[in-house]
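Just follow the structure's listing: the first ligand is 1, and inside any ligand the first atom is 1.
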Amino acid sequence: MERIIGRKLIILDEAGSTNEYAKRIAQNVPEGTVVVAKRQTAGRGRKGRRWESPEGGLWLSVVLKPPRVDPRLVFVGALAVVDTLSNFGIHSGVKWPNDVWVSGRKIAGILAEGKAGEYAVLGIGLNVNNDVPEELGKMATSMREILGREVSLSEVFHTLVGNLDHWYGLFLNGRDGEIVSALKERSIILGKEVKIIDDETELVGRAVDIDVDGALVLETPGGRVRVLHGDVSLRFL
Ligand code: ADP
């Protein structure tokens with residue numbers, strides 16, 4: 001099958017944010033275009049939170065033109081990262097909805113944005129050989145730290161692009177069940193007590209399931225609650 005992801009590559013020494021760059025060009029480039037920058041000066045997480053992106057890490061965004069946009073697109077990114085780490089001998093898991101963790105520390109984040117009906121941009125930040133920001137202390141890690149050596153950034157890049165192509169292919173073919181069950185298998189939150197933080201509200205409960213729509217099912221004192229992923233943050237208790 002013809003590859004979609006990586007059909008066109010745009011390689012930059014520096015970008016403010018690869019997601020912003022990808023959104024600007026999205027309407028004029030083919031689906032699967034990948035924008036990768038050696039460093040980002042204004043990398044972002046959700047809600048404008050800063051994403052530290054010094055040289056040595058993998059900071060990329062993919063332009064997608066899916067027939068529908070839903071939370072499972074984020075899962076496509078997370079699963080591709082987990083597989084890539086596994087290809088390099090690192091066991092990781094997904095902290096729903098959009099982070100990848102290794103041994104209790106964040107190694108990657110996924111940020112999906114876009115314009116419904118036109119395009120989606122899937123941004124991935126993966127700590128590879130970069131120093132992890134000091135202020136994050138023991139909250140973050142990198143492939144270099146886990147493996148005790150540097151790895152080839154271009155090998156990680158090509159592996160990730162291949163894995164993205166695989167999972168996005170399933171998404172395009174409507175194989176959502178497989179995406180969600182893979183995500184559940186690789187999830188680090190199921191069975192744990194968590195706190196969900198929305199703008200004004202906090203919800204505490206046990207994470208018991210991720211349903212077919214990609215929503216988290218929480219068991220709370222007041223009964224079962226479905227949490228759609230939107231912009232909520234999840235913390236372990
Ligand atoms: P959250 O997981 O808190 O909902 P986001 O998905 O919005 O957060 O990601 C942004 C957060 O990720 C930042 O507030 C910071 O704590 C953390 N962070 C920033 N840069 C990095 C990095 N390079 N590696 C790991 N974590 C990072």
Side-chain angles (χ1 to χ4, degrees), residues 14-20 23 36-61 71 73-82 84-85 88 90 92-114 120-147 150-151 153 156-157 160 183 186-189 192 194-204 207 210 214-216 218 227-237:
E14 185 174 290
S17 137
T18 57
N19 260 34
E20 289 305 323
K23 285 194 280 182
V36 59
K38 283 191 188 146
R39 55 187 175 272
Q40 298 182 107
T41 54
R44 280 184 301 101
R46 295 172 307 159
K47 297 200 171 153
R49 282 188 284 260
R50 192 172 162 76
W51 184 264
E52 299 296 335
S53 324
E55 209 161 320
L58 187 54
W59 325 119
L60 65 80
S61 299
L73 262 190
V74 175
F75 297 172
V76 163
L79 289 167
V81 170
V82 170
T84 300
L85 290 169
F88 283 82
I90 298 173
S92 65
V94 181
K95 176 174 161 282
W96 180 97
N98 69 321
D99 290 342
V100 177
W101 282 36
V102 176
S103 314
R105 298 183 190 192
K106 184 150 146 182
I107 194 164
I110 323 292
L111 179 67
E113 299 181 288
V121 164
L122 188 62
I124 297 180
L126 171 62
N127 296 319
V128 181
N129 298 320
N130 56 298
D131 291 330
V132 291
E134 226 167 88
E135 68 272 16
L136 294 176
K138 303 254 172 279
M139 293 294 296
T141 190
S142 66
M143 293 177 74
R144 185 188 67 192
E145 188 173 39
I146 303 287
L147 295 171
E150 297 221 337
V151 285
L153 196 53
V156 179
F157 172 79
L160 179 59
L183 194 96
R186 294 157 176 79
S187 165
I188 57 168
I189 64 167
K192 302 219 168 92
V194 301
K195 177 158 82 177
I196 298 293
I197 307 164
D198 206 339
D199 277 334
E200 312 92 49
T201 50
E202 286 189 3
L203 189 63
V204 171
I210 294 163
L216 174 66
L218 271 193
V227 185
L228 286 167
H229 93 288
D231 262 335
V232 300
S233 292
L234 181 147
R235 301 281 179 268
F236 292 112
L237 289 182

I'd like to know if the side chain of Gln40 and the backbone of Thr18 have a donor-acceptor N/O pair within less than 3.5 Å. yes

(Q) Quick test of your reading of the model: are Glu113 and Arg44 salt-bridged, counting only N-O distances below 4.0 Å? (A) yes

Contact set, ligand 1, heavy-atom distance under 4.0 Å, ordered by chain/number, equals Gly45, Arg46, Arg49, Arg50, Trp51, Glu52, Asn98, Asp99, Lys106, Asn127, Leu136, Ala140, Ser233, Arg235

One should read off an interatomic distance between Asn98 CG and Lys106 NZ, to the nearest 0.5 angstrom, of 6.5 Å

query: Counting only heavy atoms not in Glu135, do more than 12 fall under 6.0 Å of its CD?
result: yes

| Worked check of salt bridge (charged side-chain N to carboxylate O under 4.0 Å, His left out) between Lys38 and Glu55 | CA-CA 5 Å; Lys38 283 191 188 146; Glu55 209 161 320; 5.5 Å; no

In this structure, OG of Ser103 is separated from CD1 of Ile188 (nearest 0.5 Å) by 10.0 Å

